[in-house]
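Reviewing the structure listed below.
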Amino acid sequence: MSSNDTAAIEAIVSKLGLHGAIGRSVSGKAMEYLRKYNSKMGRQSGVLGNAHIAKPAVCVDLAVTSGEVLVDVAVDVKALQRSSGTTSSQYRRVRSVMMKSLDIRQKVSARDVCIQFGCLKLEPIVRETLDEFELRLEDARSSEEERVDARAPRFVGAAFALVARAYKARFDKGKLMDSLGIQSKEFRGALERMSDVMHNVFFDDE
């Protein structure tokens with residue numbers, strides 16, 4: 001890891017207002033992620049193309065959101081994307097690639113998403129939708145098929161989107177994907193899968 005990467009991580013952490021012990025912990029974890037990623041990818045590190053400049057910001061993002069570092073203050077994760085020097089879609093792609101490489105599984109709940117978009121009243125319905133989706137997936141799965149994680153962020157987002165649309169609640173799809181750390185292709189695939197499995201729940205009147 002270059003000195004430029006180290007300086008970039010420290011500068012981003014400082015801009016987020018994370019100082020003292022918390023700032024050092026976040027910086028340390030972000031640097032650890034970056035070292036692991038660069039070591040693991042080796043010659044394949046060019047897979048990110050010009051968007052590789054987002055790596056320091058993404059590593060800080062993952063350090064804050066992975067749960068491995070206790071951060072007891074609010075962090076503007078959106079500011080990380082702005083400081084990365086990339087577009088929102090590029091940032092999501094880099095984040096997704098790095099999470100998979102580092103085997104980091106982001107945890108997000110129906111409550112988290114509903115609170116973020118001011119739709120807390122929809123939380124029970126989103127949870128029930130996820131429960132039913134999980135049951136139907138399991139019932140339809142053959143013994144040879146690999147189990148699908150119905151609680152993965154992409155499906156939590158899909159459940160929220162379907163419920164929000166059914167109840168005419170407004171939300172920004174881009175912000176939803178940003179908060180879940182998923183790409184457009186993943187979100188579309190999750191929506192299609194859930195819409196198919198839960199068709200009689202959401203599309204009875206069509």
Side-chain angles (χ1 to χ4, degrees), residues 1-41 45 47-120 123 151-154 156-157 160 171-184 186-187:
M1 187 173 69
S2 71
S3 58
N4 287 340
D5 287 332
T6 300
I9 286 173
E10 290 176 343
I12 292 167
V13 170
S14 179
K15 285 180 181 178
L16 290 174
L18 301 176
H19 304 291
I22 293 177
R24 288 192 296 273
S25 296
V26 171
S27 293
K29 179 56 67 174
M31 291 176 195
E32 178 187 330
Y33 284 151
L34 189 51
R35 280 194 299 270
K36 284 183 177 179
Y37 176 80
N38 288 340
S39 174
K40 189 170 184 177
M41 295 302 289
S45 58
V47 70
L48 299 176
N50 292 334
H52 74 90
I53 59 173
K55 289 193 296 182
V58 169
C59 287
V60 173
D61 184 341
L62 296 178
V64 169
T65 60
S66 67
E68 292 191 46
V69 177
L70 179 61
V71 180
D72 56 1
V73 294
V75 174
D76 183 4
V77 178
K78 188 68 177 177
L80 289 167
Q81 185 265 307
R82 292 194 297 269
S83 68
S84 70
T86 59
T87 65
S88 180
S89 60
Q90 287 176 318
Y91 185 84
R92 283 197 300 270
R93 177 173 173 271
V94 174
R95 194 177 192 276
S96 178
V97 168
M98 295 189 75
M99 284 182 70
K100 288 175 182 175
S101 176
L102 296 168
D103 196 27
I104 296 174
R105 302 181 186 278
Q106 183 169 336
K107 294 180 180 180
V108 62
S109 69
R111 183 177 182 82
D112 294 333
V113 178
C114 290
I115 287 176
Q116 181 180 357
F117 290 95
C119 303
L120 191 54
E123 182 201 350
R151 305 287 170 163
R154 65 184 186 276
V156 175
F160 172 78
F171 67 95
D172 185 303
K173 188 174 74 171
K175 288 182 179 179
L176 177 61
M177 289 190 294
D178 284 343
S179 68
L180 297 171
I182 58 177
Q183 300 178 61
S184 297
E186 291 177 283
F187 186 59

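When a residue number appears, it is its place in the shown sequence, counting from 1. Heavy atoms only: backbone and side chains are in, while hydrogens, waters and symmetry mates are out.
- Minimum interatomic distance between Leu176 and Gly157 (heavy atoms only, all atoms of both residues): CD2-O, 3.8 Å.
- In terms of the side chain to side chain contact (heavy atoms under 4.5 Å, CB included) criterion, residue partners of Ala8 (sequence neighbours excluded) are, by chain and number, Pro56.
- At least one side-chain heavy atom of Leu34 sits under 4.5 Å from a side-chain heavy atom of Ile9.
- Judged by distance alone, with hydrogens and angles left aside, the side-chain atoms of Ser39 form no donor-acceptor pair with the main-chain N or O of Arg35 at under 3.5 Å.
- Between Leu18 atom CG and Glu10 atom CD the span is 13.0 Å, to the nearest 0.5 Å.
- Gln183 places no side-chain N or O within donor-acceptor distance of the main-chain N or O of Ser89, the cut-off being under 3.5 Å.
- Under a cut-off of 6.0 angstrom, the local environment of CG in Asp172 is crowded, with over 12 non-hydrogen atoms contributed by other residues, nucleotides or ligands.
- Shown here are the side chain to side chain contact (heavy atoms under 4.5 Å, CB included) partners of Ser109, two or more places apart in sequence or in another chain: Arg111, Asp112.
- We find the CG-CD1 distance between Leu16 and Ile22 to be 12.0 Å, quoted to the nearest 0.5 Å.
- In this structure, Leu62 CG and Ile104 CD1 are separated by 4.5 Å, a value rounded to the nearest 0.5 Å.
- Listed here is the closest heavy atom pair of Ala51 and Gln90: CB-CB, 4.3 Å.
- The nearest pair of heavy atoms linking Gln81 to Ser88 is NE2-N, 3.4 Å.
- With rounding to the nearest 0.5 Å, the separation of OG in Ser101 from NZ in Lys36 is 11.0 Å.
- To the nearest 0.5 Å, atom NZ of residue Lys55 and atom CD1 of residue Ile53 are 11.0 Å apart.
- Lys29 has a carboxylate O that lies under 4.0 Å from a charged side-chain N of Glu32, or vice versa, which qualifies the two as a salt bridge.
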**Full working for side-chain hydrogen bond (donor to acceptor under 3.5 Å, both in side chains) between Ser96 and Arg92** = CA-CA 6 Å; Ser96 178; Arg92 283 197 300 270; over 6 Å; no

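- Taking each heavy atom of Val13 and Ser27 in turn, the nearest pair found is CG2-OG, 3.4 Å.
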**Request:** Step by step, work out the side chain to side chain contact (heavy atoms under 4.5 Å, CB included) result for Tyr33 and Val58.
**Result:** CA-CA 9 Å; Tyr33 284 151; Val58 169; over 6 Å; no

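- For the pair Met31 and Cys59, the minimum side-chain heavy-atom distance is 4.5 Å or more.
- Residue Arg95 comes nearest to Leu180 through the heavy atom pair NH1-O, 4.2 Å, listed as atom of the first residue, atom of the second, then distance.
- Residues Gln116 and Phe171 have side chains not in contact (no heavy-atom distance under 4.5 Å, counting atoms from C-beta outward).
- Annotation for Tyr91 and Ala57: closest pair OH-O, 3.6 Å, computed over non-hydrogen atoms.
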